[in-house]
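As structure tokens, the structure follows; a few thoughts come after it.
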Amino acid sequence: MQQVKIIECPRDAMQGIKEWIPTEKKVQYIQSLLRCGFDTIDFGSFVSPKAIPQMQDTAEVISRLDLSASKSKLLAIIANFRGAEEAVEYSEIDYLGYPFSISENFQMRNTHKTIAESLVLLQEILNLADKHNKEVVAYLSMGFGNPYGDPWNVEIVGEWTEKLSAMGVKILSLSDTVGTSTPAIISYLFTNLIPKYPHIEFGAHLHTTPNAWHEKIDAAYKAGCRRFDGAIQGFGGCPMAKDELTGNMPTEKMISYFTAEKISNSINPMSFESAHNEATKIFTKYH
């Protein structure tokens with residue numbers, strides 16, 4: 001049986017919190033996640049401190065992490081070429097994550113670039129990552145629709161997947177960003193895209209309301225997705241999307257689904273319980 005990959009996203013959980021979380025608290029939390037057995041930890045970002053003040057200590061966080069006993073890989077989000085240049089200098093970082101939106105409004109809000117400009121930038125990032133033996137995770141932001149009235153349908157998603165595939169994207173995570181995905185759309189997209197692009201690893205970065213998580217995960221898994229992003233207790237959401245945040249997919253709910261369905265995963269239950277307790281200590285204070 002193919003094991004699912006679970007990507008934990010403390011960066012996504014922390015980035016929208018306005019009150020400063022001390023660097024040592026971030027390090028302590030991420031260190032607890034490194035013991036859990038996650039495939040990848042989306043731990044920080046190299047973006048403008050003006051845009052996301054909470055992530056301005058990402059470089060310092062890296063310097064304090066002990067990675068010696070962990071198999072988890074590190075992913076950093078970048079929004080421009082300067083951020084990519086900074087990220088590739090760290091041997092500890094395996095993945096550069098770039099949010100590529102198929103909503104013009106959201107791309108401008110998130111990276112201050114048009115879709116056309118972002119396409120050029122993504123190619124530059126892919127070339128840079130290749131030179132430094134890093135991989136790029138492209139997030140198809142607003143992949144399940146958007147709240148701005150920008151054009152969206154499954155054919156548009158297919159067209160962009162084709163373009164990104166031609167550019168050399170090998171990991172593509174479909175992101176709903178504001179929780180607009182439905183089980184039917186999730187199922188349709190993954191069922192059609194995964195067989196058509198066998199060289200691409202497709203992921204699901206789903207945001208959800210508390211009562212919709214199960215149907216979304218179930219739809220994605222049964223449609224062939226094996227890479228899932230989550231954040232413990234569903235904390236976080238994209239501060240650039242809209243004023244009202246829709247929470248992340250709760251990691252503990254995903255794990256419960258995989259366990260109930262007897263789906264193989266790499267999470268150590270005792271270590272996860274400890275990390276879950278750390279999340280409670282940090283996030284209940286700042287939320």
So if you build clusters from Ile, Leu, Val, Met, Phe, Trp, Tyr with side-chain heavy-atom gaps below 4.5 Å, do [X] and [Y] land together?
X: I156; Y: Y197; value: yes
X: F81; Y: L75; value: no
X: L189; Y: M249; value: yes
X: L164; Y: L121; value: yes
X: M108; Y: I77; value: no

Would you check if [X] and [Y] make a side-chain contact, meaning some heavy-atom pair closer than 4.5 Å?
X: L33; Y: F38; value: yes
X: R35; Y: N268; value: no
X: N192; Y: V154; value: no
X: V61; Y: I30; value: yes
X: E8; Y: P10; value: yes
X: L206; Y: I186; value: yes
X: F235; Y: M14; value: no
X: T208; Y: I217; value: no

Look at the side chain of [X] and the backbone N and O of [Y], then say whether any donor-acceptor pair between them is shorter than 3.5 Å.
X: S266; Y: G37; value: yes
X: S70; Y: L34; value: yes
X: S63; Y: E60; value: yes

Which heavy atom of [X] sits nearest to which heavy atom of [Y], and what is that distance?
X: C9; Y: D229; answer: SG-CB, 3.9 Å
X: A231; Y: A13; answer: CB-CB, 4.3 Å
X: P195; Y: T191; answer: CD-O, 3.1 Å

Quiz item: Please, which pairs that meet side-chain hydrogen bond (donor to acceptor under 3.5 Å, both in side chains) have at least one residue in residues 85-94, sequence neighbours excluded?
Solution: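 Residue pairs passing side-chain hydrogen bond (donor to acceptor under 3.5 Å, both in side chains), neighbours aside: none found.
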
Results of ring-ring contact (aromatic ring centres under 6.0 Å, His included) for [X] - residues two or more places apart only:
X: Y139; answer: H205
X: F258; answer: F228
X: W213; answer: none
X: F190; answer: none

Determine whether more than 12 heavy atoms belonging to other residues, nucleotides or ligands lie under 6.0 Å from atom [atom1] of [X].
X: K25; atom1: NZ; result: no
X: R64; atom1: CZ; result: yes
X: E273; atom1: CD; result: no

Could you state the interatomic distance from [atom1] ([X]) to [atom2] ([Y]), rounded to the nearest 0.5 Å?
X: I93; Y: I62; atom1: CD1; atom2: CD1; result: 3.5 Å
X: S181; Y: E215; atom1: OG; atom2: CD; result: 9.0 Å
X: T40; Y: D42; atom1: OG1; atom2: CG; result: 9.0 Å
X: Y148; Y: N105; atom1: OH; atom2: CG; result: 7.0 Å
X: S173; Y: F202; atom1: OG; atom2: CZ; result: 10.5 Å
X: L128; Y: L96; atom1: CG; atom2: CG; result: 7.5 Å

Quiz item: Checking side chain to side chain contact (heavy atoms under 4.5 Å, CB included) for the pair L140/S175: CA distance, chi angles, key distance, verdict?
Solution: CA-CA 6 Å; L140 208 61; S175 173; 6.0 Å; no

Quiz item: Would the W160 and F100 ring centres measure less than 6.0 Å apart?
Solution: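 Under 6.0 Å, so yes.
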
Self-check item: Candidates Q107, E104, H112, Q123 - the one meeting side chain to side chain donor-acceptor pair (under 3.5 Å) with S118
Solution: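 Exactly one candidate clears the test, Q107.
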
Exercise. Is it possible for you to check whether R226 lies under 6.0 Å from the centre of the six-membered ring of Y221, through NZ or CZ, and within 45° of that ring's axis?
Key: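 Judged by the rule, R226 and Y221 form a cation-pi pair.
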
Quiz item: Can you list every pair that meets salt bridge (Lys or Arg N to Asp or Glu O under 4.0 Å) and has a residue in residues 131-150, with sequence neighbours left out?
Solution: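 Non-adjacent pairs meeting salt bridge (Lys or Arg N to Asp or Glu O under 4.0 Å): zero.
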
Practice problem: Can you tell me which residue pairs pass the salt bridge (Lys or Arg N to Asp or Glu O under 4.0 Å) test with a partner in residues 162-180, sequence neighbours excluded? | Solution: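 Non-adjacent pairs meeting salt bridge (Lys or Arg N to Asp or Glu O under 4.0 Å): D176-K216.
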
Quiz prompt | Worked verdict on F144 versus Y188 for ring pair (Phe, Tyr, Trp, His ring centres under 6.0 Å) | solution = CA-CA 11 Å; F144 298 93; Y188 183 88; over 10 Å; no

Exercise. Not counting sequence neighbours, which residues clear salt bridge (Lys or Arg N to Asp or Glu O under 4.0 Å) with D130? List them please.
Key: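 Testing D130 for salt bridge (Lys or Arg N to Asp or Glu O under 4.0 Å), a comparison that skips the adjacent residues, returns none.
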
Practice problem: Can you sort out the partners of K196 under salt bridge (Lys or Arg N to Asp or Glu O under 4.0 Å), two or more places apart, ordered by chain and number? | Solution: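 K196 satisfies salt bridge (Lys or Arg N to Asp or Glu O under 4.0 Å) with no other residue.
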
Quiz item: Can S32 and E278 be counted as having a side-chain donor-acceptor contact under 3.5 angstrom?
Solution: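 No - no donor-acceptor pair under 3.5 Å links their side chains.
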
Quiz item: Strictly by modelled atom types, are T180 and H207 linked by a side-chain donor-acceptor pair under 3.5 Å?
Solution: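 No donor-acceptor contact under 3.5 Å links the two side chains.
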
Exercise. Output the rest of the hydrophobic cluster of V120: all Ile, Leu, Val, Met, Phe, Trp and Tyr residues reachable through side-chain heavy-atom contacts under 4.5 Å, sorted by chain and number.
Key: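 Under the 4.5 Å side-chain rule, V120 groups with nothing.
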
Exercise. Scan N80, V88, I78 and name whichever one has a side-chain contact (heavy atoms from CB on, under 4.5 Å) with I125.
Key: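 Checked N80, V88, I78 against I125; only one passes side-chain contact (heavy atoms from CB on, under 4.5 Å): I78.
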
Practice problem: Show the numbers, then the answer: is there a side chain to side chain contact (heavy atoms under 4.5 Å, CB included) between V169 and T161? | Solution: CA-CA 9 Å; V169 169; T161 302; over 6 Å; no

Quiz prompt | Candidate pair V157 and L193, rule side chain to side chain contact (heavy atoms under 4.5 Å, CB included), full reasoning | solution = CA-CA 9 Å; V157 177; L193 293 175; 4.2 Å; yes

Self-check item: Pairing residues for H276 by the side chain to side chain contact (heavy atoms under 4.5 Å, CB included) criterion, not counting sequence neighbours
Solution: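 Counting only residues at least two positions away or on another chain, H276 forms a side chain to side chain contact (heavy atoms under 4.5 Å, CB included) with I232, Q233, E252, F272, T280.
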
All N/O donor-acceptor pairs, side-chain side in residues 43-59, below 3.5 Å, sequence neighbours left out:
| unit_1 | atom_1 | unit_2 | atom_2 | d |
| --- | --- | --- | --- | --- |
| S48 | OG | K50 | N | 3.1 |
| Q54 | OE1 | I21 | N | 2.9 |
| Q54 | OE1 | K26 | NZ | 3.1 |
| Q54 | NE2 | I17 | O | 2.8 |
| Q54 | NE2 | E19 | O | 2.9 |
| Q56 | NE2 | P53 | O | 2.9 |
| D57 | OD1 | K26 | NZ | 3.2 |
| D57 | OD2 | T23 | OG1 | 2.7 |
| D57 | OD2 | K26 | NZ | 3.1 |
| T58 | OG1 | S45 | N | 3.1 |
| T58 | OG1 | S45 | O | 3.1 |
| T58 | OG1 | M55 | O | 2.9 |

